[in-house]
Participant: 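Got a structure here, written out as structure tokens. Questions coming.
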Amino acid sequence: MIYINSFLFAGAICLLGQLILDNTKLTAGHITSIFVVVGAFLDTFSIYDQIINYVGAGALVPITSFGHSLIHGALDKASDMGIMGLLMGMFDLTASGITAAIVFTFFFSLFFRPKN
Amino acid sequence: MKILGMGEFMEKKKYQEIVSQHKPTETRAQNAFIAFVTGGIVGVIGQLLTEFYVSFFDIATKDATTFMLVTLIFLASLFTALGFFDKWVTFCKCGLIIPITGFAHSMTSAGIEYRKEGPIFGLGSNIFKLAGSVILYGVVSAWFFGLLRLIIMGG
């Protein structure tokens, strides 16, 4: 069941993105930025956490979960440290993804050449 | 430059009109469908990987999620570096751009493209050329919404 939910939710987000891309002048950069903000907004009142409970990785794979992870880490730290915690915990949960992307990109850029 | 005769011109115009009437809606529906299916498949792959890591390494779902995201980022980066991920993205469009694979793809393709301009002003300055906006607006909005929640709900 969670596989079907994953498929439907991740698919629906991508479908929405594609519809915005094809029917407006917004570029892929605009859409991913908007989706991150939407993800952060949805987690402000813990809505995104509920979605993750229902659909599993389907909600964690789209870029909306990046916004969710940012604010989630920030709020976790803020519960201990108050308002400074927002700054301290911002990258707590997304650090692995960003670090991995930077490291892989660095080494692949050294070893591979552009194809065209 | 070749000057078109009136008849030929009209014919071309008519042809263009017919093309523009039929092509966009069809390709839009097709694009949307492909994005839905491929995006969904990425979601299912994520779920499969998560459950595989949970049972294989005997770790909590939360940690397995991190492993899964790093795996997807690694694959997207590698496939971009090998050159065939661009074709997949052209075909799937938002089906691969919206998932975390799009984030890794934008970083690696920028890195490889600007590598030839040097390690500092090429690779270093341009690695976040496309992914930077995601981080910028993500951090600013997460900070702002987090502040709102602290003020309204006290944490």
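Every chain is numbered from 1 and lettered A, B, ... according to where its sequence line falls, protein lines coming before strand lines.
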Participant: Select one option (side chain, backbone, both, neither) describing which atoms of B:Leu49 are under 4.5 Å from chain A's heavy atoms.
Facilitator: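 No part of B:Leu49 comes within 4.5 Å of chain A.
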Participant: Do B:Met153 and A:Phe45 have side chains that approach each other closer than 4.5 Å (heavy atoms only, starting at C-beta)?
Facilitator: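 Side-chain contact under 4.5 Å: yes.
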Participant: Determine whether more than 12 heavy atoms belonging to other residues, nucleotides or ligands lie under 6.0 Å from atom CZ of B:Phe85.
Facilitator: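 Yes - once you tally the heavy atoms of other residues, nucleotides and ligands closer than 6.0 Å, there are more than 12.
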Participant: Could you state whether A:Tyr54 and A:Ile51 fall into the same hydrophobic cluster, counting links through intermediate Ile, Leu, Val, Met, Phe, Trp or Tyr residues with side-chain heavy atoms under 4.5 angstrom apart?
Facilitator: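 Yes, one cluster joins them.
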Participant: Please answer whether the main-chain N or O of A:Tyr3 pairs with a side-chain N or O of B:Gln47 as donor and acceptor at a distance below 3.5 Å.
Facilitator: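 Judged by distance alone, no pair lies under 3.5 Å.
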Participant: Decide if atom CG of B:Asp58 counts as having more than 12 heavy atoms of other residues, nucleotides or ligands within a radius under 6.0 Å.
Facilitator: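 Result for CG/B:Asp58: open.
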Participant: Find the one option among B:Val139, B:Leu123, B:Val42, B:Thr66 whose heavy-atom pairs under 4.5 Å with chain A are most numerous.
Facilitator: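 Most heavy-atom pairs within the cutoff with chain A belong to B:Val139.
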Participant: Which atoms of B:Tyr114 are under 4.5 Å from chain A, going by heavy atoms: the side chain, the backbone, both sets, or neither?
Facilitator: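 Neither part.
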Participant: Nearest 0.5 Å, please: how far is CG in B:Leu78 from CZ in A:Phe108?
Facilitator: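 Result: 4.5 Å between the selected atoms.
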Participant: With only heavy atoms counted, which part of B:Leu130 is less than 4.5 Å from chain A, the side chain, the backbone, both or neither?
Facilitator: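 For B:Leu130, no heavy atom lies under 4.5 Å from chain A.
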Participant: Please find the pair of heavy atoms, one from A:Gly97 and one from B:Ile73, that lie closest to each other, and give the distance.
Facilitator: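 Minimum heavy-atom separation between A:Gly97 and B:Ile73: O-CD1, 3.5 Å.
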Participant: Using every non-hydrogen atom in the two residues, find where A:Cys14 and B:Ile98 come nearest and quote the distance to one decimal.
Facilitator: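 For A:Cys14 versus B:Ile98, the nearest heavy atoms are SG-CB, 4.0 Å.
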Participant: Measure the OG1-CE distance between A:Thr105 and B:Met107 for me, rounded to the nearest 0.5 Å.
Facilitator: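 If I round to the nearest 0.5 Å, the distance is 4.0 Å.
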Participant: Are A:Val37 and B:Phe145 side-chain neighbours, meaning at least one heavy-atom pair lies under 4.5 Å?
Facilitator: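 Side-chain contact under 4.5 Å: yes.
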Participant: Sort A:Leu21 into side chain, backbone, both or neither according to what part of it lies under 4.5 angstrom from a heavy atom of chain B.
Facilitator: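 When you check distances to chain B, only side chain atoms of A:Leu21 fall under 4.5 Å.
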Participant: Give the member of A:Thr99, A:Ile20, A:Ile63, A:Val55 that has the highest number of heavy-atom pairs under 4.5 Å with chain B.
Facilitator: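 Option with the top pair count is A:Ile63.
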Participant: Do B:Ile135 and A:Phe66 have side chains that get closer than 4.5 Å, going by heavy atoms?
Facilitator: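 Of all side-chain heavy-atom pairs linking A:Phe66 with B:Ile135, at least one is under 4.5 Å.
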Participant: Under 4.5 Å between side-chain heavy atoms, hopping through other hydrophobics if needed: is there a path connecting A:Phe7 to B:Ile100?
Facilitator: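 A:Phe7 and B:Ile100: one cluster.
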Participant: Measuring heavy-atom distances to chain B, does A:Leu110 have an atom under 4.5 Å in its side chain, in its backbone, in both, or in neither?
Facilitator: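 Both the backbone and the side chain of A:Leu110 come within 4.5 Å of chain B.
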Participant: Chain B heavy atoms under 4.5 Å from A:Asn5: which part of the residue, side chain, backbone, both or neither?
Facilitator: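 Contact with chain B: none, neither part.
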Participant: Which atoms form the tightest heavy-atom contact between A:Met90 and B:Ala142, and what is the distance?
Facilitator: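 That would be SD-CB, 3.8 Å.
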Participant: Would B:Val70 end up clustered with B:Leu96 when hydrophobic side chains under 4.5 Å apart are linked, directly or stepwise?
Facilitator: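 Yes, B:Val70 and B:Leu96 fall within the same hydrophobic cluster.
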Participant: If I measure from the heavy atoms of chain B, does A:Ser46 come under 4.5 Å with its side chain, its backbone, both, or neither?
Facilitator: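 Both the backbone and the side chain of A:Ser46 come within 4.5 Å of chain B.
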Participant: Counting heavy-atom pairs under 4.5 Å with chain B, which one of A:Ile31, A:Thr94, A:Thr32, A:Leu16 comes out on top?
Facilitator: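 Heavy-atom pair counts peak at A:Thr32.
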Participant: In terms of the angle between their ring planes, are B:Phe74 and A:Phe104 parallel, tilted or perpendicular, with boundaries placed at 30° and 60°?
Facilitator: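 Because their plane-to-plane angle is over 60°, the rings of B:Phe74 and A:Phe104 count as perpendicular.
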Participant: Any chance CZ of A:Phe41 has more than 12 other-residue heavy atoms, nucleotides or ligands included, within less than 6.0 Å?
Facilitator: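 No - once you tally the heavy atoms of other residues, nucleotides and ligands closer than 6.0 Å, there are 12 at most.
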Participant: Which one wins on heavy-atom pair count under 4.5 Å against chain A: B:Ser77, B:Ala131, B:Cys92, B:Gly124?
Facilitator: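 Most heavy-atom pairs under 4.5 Å with chain A: B:Ser77.
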Participant: Sort A:Leu8 into side chain, backbone, both or neither according to what part of it lies under 4.5 angstrom from a heavy atom of chain B.
Facilitator: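 Both backbone and side chain.
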Participant: Check whether A:Ile34 gets within reach of chain B through its side chain, its backbone, both or neither, counting any heavy atom under 4.5 Å.
Facilitator: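 No part of A:Ile34 comes within 4.5 Å of chain B.
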Participant: For B:Gly43 versus A:Ala57, what's the shortest heavy-atom pair and its separation?
Facilitator: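 Nearest heavy atoms, B:Gly43 then A:Ala57: O-CB, 4.0 Å.
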Participant: Let's test your reading of the structure: which of A:Val103, A:Leu19, A:Leu87, A:Leu60 forms the most heavy-atom pairs below 4.5 Å with chain B?
Facilitator: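 It is A:Leu60.
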Participant: Less than 4.5 Å to any heavy atom of chain B: does that hold for the side chain of A:Phe35, its backbone, both, or neither?
Facilitator: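 Just its side chain gets close to chain B.
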Participant: Following the transitive rule for hydrophobic clusters with a side-chain heavy-atom cut-off under 4.5 Å over Ile, Leu, Val, Met, Phe, Trp and Tyr, establish whether A:Leu93 and B:Val134 coincide in one cluster.
Facilitator: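 No, it is not one cluster - the side chains of A:Leu93 and B:Val134 are not joined through contacts under 4.5 Å.
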Participant: With rounding to the nearest 0.5 Å, note down the distance linking CD1 in A:Ile102 to CD1 in B:Ile127.
Facilitator: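 So the gap between those two atoms works out to 6.0 Å.
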Participant: By a 4.5 Å heavy-atom criterion (distance strictly below it), what part of B:Ile152 contacts chain A: side chain, backbone, both, or neither?
Facilitator: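 Neither part.
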Participant: Among B:Leu82, B:Leu69, B:Thr65, B:Thr50, which has the most heavy-atom pairs under 4.5 Å with chain A?
Facilitator: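 The candidate making the most pairs under 4.5 Å is B:Leu82.
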Participant: Can you tell me how far CG of A:Leu86 sits from CZ of B:Arg149, rounded to the nearest 0.5 angstrom?
Facilitator: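 The CG atom of A:Leu86 is 11.0 Å from CZ of B:Arg149, to the nearest 0.5 Å.
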Participant: If you count heavy-atom pairs under 4.5 Å between each of B:Gly46, B:Ala35, B:Ala81 and chain A, which one has the most?
Facilitator: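 Winner by heavy-atom pair count: B:Ala81.
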Participant: Please determine whether the number of non-hydrogen atoms from other residues, nucleotides or ligands lying under 6.0 Å from atom CZ of B:Phe84 exceeds 12.
Facilitator: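 Check passes, neighbour count above 12.
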Participant: Atom NZ of B:Lys116 and atom CZ of A:Arg113: how far apart are they, to the nearest 0.5 Å?
Facilitator: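 B:Lys116 NZ to A:Arg113 CZ: 9.5 Å, rounded to 0.5 Å.
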Participant: Is it possible for you to say whether B:Phe56 and B:Ile45 belong to one hydrophobic cluster, with membership spreading through side-chain heavy-atom contacts below 4.5 Å?
Facilitator: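 Hydrophobic grouping puts B:Phe56 with B:Ile45.
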Participant: Can you tell which of A:Gly58, A:Ala74, A:Ser33 has the highest number of heavy-atom pairs within less than 4.5 Å of chain B?
Facilitator: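 Among the listed options, the one with the most contacts to chain B is A:Ser33.
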Participant: For the atom pair CG (B:Leu150) and OG1 (A:Thr44), what is the distance rounded to the nearest 0.5 Å?
Facilitator: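 The CG atom of B:Leu150 sits 11.0 Å away from the OG1 atom of A:Thr44.
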Participant: Under 4.5 Å heavy-atom distance to chain A, tell me which part of B:Met68 shows up: side chain, backbone, both or neither.
Facilitator: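 Side chain of B:Met68 only, per the 4.5 Å heavy-atom cut-off to chain A.
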Participant: Identify the heavy atoms of B:Arg28 and A:Asn23 that sit nearest to each other, and give their distance.
Facilitator: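 Of all heavy-atom pairs spanning B:Arg28 and A:Asn23, the closest is NH1-OD1, 3.0 Å.
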Participant: For B:Leu48, is it the side chain, the backbone, both or neither that has a heavy atom under 4.5 Å from a heavy atom of chain A?
Facilitator: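 The answer is both parts of B:Leu48.
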